[in-house]
There are 2 protein chains.
Amino acid sequence: MKGATIRDVARRARVSHQTVSRVINGHESVTDETRERVLRAVRELEYVPSAVARSLSSQRTHTLGMVTTDVSDHFFAEAVAGAEAEARKRGYFMIIGSIEEGSEDDERTYLHLMLERRVEGLIVAVPRLRLAEDDPLADAVARIPTVLVASDIDLAGADHVDIDNRRGGHEATGYLVAQNHRLIGTITGPLDWPSARARLDGYRDALKDAGIAADRTLVEPCVDWGLESGRRAAERLLASAPKLSAIFAQSDLLALGAIATLRARGLRVPDDVSVVGFDDIPVSSVVDPPLTTVRQPMREVGELAARLIGDRAASSRKTKGSRHTLRAPLIIRGSVARLDGGRIR
Amino acid sequence: MKGATIRDVARRARVSHQTVSRVINGHESVTDETRERVLRAVRELEYVPSAVARSLSSQRTHTLGMVTTDVSDHFFAEAVAGAEAEARKRGYFMIIGSIEEGSEDDERTYLHLMLERRVEGLIVAVPRLRLAEDDPLADAVARIPTVLVASDIDLAGADHVDIDNRRGGHEATGYLVAQNHRLIGTITGPLDWPSARARLDGYRDALKDAGIAADRTLVEPCVDWGLESGRRAAERLLASAPKLSAIFAQSDLLALGAIATLRARGLRVPDDVSVVGFDDIPVSSVVDPPLTTVRQPMREVGELAARLIGDRAASSRKTKGSRHTLRAPLIIRGSVARLDGGRIR
DNA sequence: TAGGGCTATGTTACCGGTCACATCGGAGAA
DNA sequence: TTCTCCGATGTGACCGGTAACATAGCCCTA
């Protein structure tokens, strides 16, 4: 009763299985009358074609695999959504693997499982991934189109998509400088994330451009990107540089955490201390004050990744790996105040 | 060169393909020496077994399908992450379909595509889904284990997982009442979402329990769950009931939007007006004031959904659809103030 | 020492589609 | 009228695994 096959339908419609195949694939050269008969049989038997059998036979799975650090993180969720939408437009399905914190070799396991599934493309969004010797990822790249998202791994043959973190960091810091800030602290994400390092580089570039001497005590790294870390980092920062007038936090959550600390110390934002974030998560526009931040277009990142794979699959020739960097624009809101010329807090 | 099959490996190792199958599946009764030989051939040919062929032959895909409204929404992203983690634990892979706003029949298309893929279970998290006559979803339920998340559709044979929205709404409102609030407004989500209606019911229950008369002008529905809507709803609410002392917003974003409006009107939170939200999104704990809210355990919802499918698949007998309601606890923070006895703002 | 039973391995069919090619019948051309 | 060609349909192999059964040694026991 359950699981009619193409041959069951054929028998019922009194045609060959091949004719059924023609009908369900919309091929020409089938009489209207025959088609009708077949379709009726399909309905009566509640026949649903098997993508599995089709894949085996046609050697196409129409499936893309995506491995991410954690889908529940807004950042990756957006990328997944973007990739999914774009993939779907092109007739692909998406299978996802979300790597739980803690398990070491999970990326590799996932990768292998996806290869077994014969995905036709791979999106790897695992920022901290380091390449081992003889890494299975290299194998994967050799087999199927692969896009590395937000990774600093340099893998020949793979496409790379990333945010221009350095420029983003530069703009954020540069904006603070333009508002006459001179003593600018920064709260960074974990420095084993390439994005954190890049943003820090941007911060330093901007200070250098402005002729402001680098000061190590103004750089406060965190172990994660969360609120609590921002809170504590701000405390350390205030301890080591009580007179700073601005903070560039590498994520909105870090920024919000920092703001909480500032408030707790009786400092007003932005009147006493200005704050710039990074991400532009949905709440950033409604917190008090609305957060000035650098917007990460993660959805576009996901879309682009899927599009690259689609294009590559379509052209089917092996191109060299391309490199795409999406601009992360500064969104100016209300958490930065202009400092009166020369005044130091 | 690319795509060695089990027979290629067999030839190379000078055994039958069946022996290769035994080795890669870790079967007993293979000599160490033979196994070694096979494994070497596997390595040399870079053989990766085809899950597609395996699925066709074994009639198992080890795949779960999940259809959601929008993965980039924190709410669903959490559920996806939870489901994914649990599925993985049980050896399942997850394919996801995220329904873009606007396209009407997408759920059905996705459903059909997933049936074609022969998913072994289906998680449908599409709150506003309405059942059409002769709905394909009913077919799906008849074929494979299905879990409906946050839906009020009553489908025999399907399992249901949901948050106890009514109780959540009741607790939130009841808490305000306990703090001596009497004039309590509510900002609801779109009322075609079952969760919005349930929370509203909870709100009404609580008022009734306290002997407070219902007042239609205190209920302000929104077209979505976002900040901007919260802002505007609060304005309408203040216009129609300027003396209210508390607001129960059905999402944290609505609550934050409302707080923004209150601030703009010079009203302090919680001193002048208390606010309770719903969701407990990550920022809720760090905004100013920290938001008192009802926590939705979405991750657990996803986990439970996946677990139910796993159990059902394992027992393989058709149980009646079960119904699971997860408690959404009130998280008390700082956005609610106690009203002095009898005082009315 | 023959037969039973176990282990290691091979053989063949099958899962449910697609593909390449064969076949058949009728319309149009010579 | 006969030949040709083409549209409609059928046949059998194949995709890459798994399952069930067959077979060949080997050890042990009676």
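The salt bridge (Lys or Arg N to Asp or Glu O under 4.0 Å) contacts involving residues 82-92 of chain B comprise D106(A)-R88(B), E86(B)-K89(B), E86(B)-R90(B), E86(B)-R307(B), R90(B)-D311(B), where partners must be two or more places apart or lie in separate chains. Within the structure, the side-chain hydrogen bond (donor to acceptor under 3.5 Å, both in side chains) test picks out the following pairs touching residues 40-56 of chain A (sequence neighbours left out): R12(A)-E44(A). Among residue pairs with one or both ends in residues 61-72 of chain A, none qualify as salt bridge (Lys or Arg N to Asp or Glu O under 4.0 Å); sequence neighbours excluded.
Judged as a side-chain contact (heavy atoms from CB on, under 4.5 Å), and not counting sequence neighbours, the contacts of L111(A) are V67(A), L122(A), V124(A), L137(A). For the side-chain contact (heavy atoms from CB on, under 4.5 Å) test, residues two or more places apart in sequence or in another chain that qualify with R11(B) are R7(B), D8(B). For the side-chain contact (heavy atoms from CB on, under 4.5 Å) test, residues two or more places apart in sequence or in another chain that qualify with T69(B) are F76(B), V126(B), P127(B). Not counting sequence neighbours, the partners of H74(B) by the side-chain contact (heavy atoms from CB on, under 4.5 Å) test are E78(B), I281(B), P282(B).
Separating the CG atom of D8(A) from the P atom of dC14(C) is a distance of 15 Å, rounded to the nearest angstrom. Following rounding to the nearest Å, L56(B) (CG) and dC15(C) (C1') show an atom-to-atom distance of 4 Å. Atom CZ in R117(B) sits about 14 Å away from atom P in dG17(C), given to the nearest Å. Between the CZ atom of R35(B) and the P atom of dT7(C) there is a distance of 14 Å, given to the nearest Å. One interatomic measurement links the two molecules: CD of Q59(B) to P of dA13(C), which rounds to 19 Å at whole-angstrom precision. In this entry the distance linking CZ of R14(A) with P of dG10(D) reads 11 Å, nearest Å.
The residues R323(B) and D154(B) are annotated as salt-bridged, a charged nitrogen and a carboxylate oxygen being separated by less than 4.0 angstrom.
Side-chain N/O atoms of T31(A) include one lying less than 4.0 angstrom from OP1 or OP2 on dT9(D). An OP1 or OP2 oxygen of dA8(C) is reached within less than 4.0 angstrom by no side-chain nitrogen or oxygen of T34(B).
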With B for base contact, S for sugar-phosphate-only contact and - for none (protein heavy atoms under 4.0 Å), nucleotides 17-28 of chain D reads BBBB--------

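Contact of the I95(A) side chain with the V119(A) side chain is registered, since non-hydrogen atoms from C-beta on lie closer than 4.5 Å.
Within residues 36-44 of chain B, no residue has a heavy atom under 4.0 Å from DNA chain C.
Using a 4.0 Å heavy-atom cutoff across all strands shown, V15(B) reaches sugar-phosphate atoms only and no base atom.
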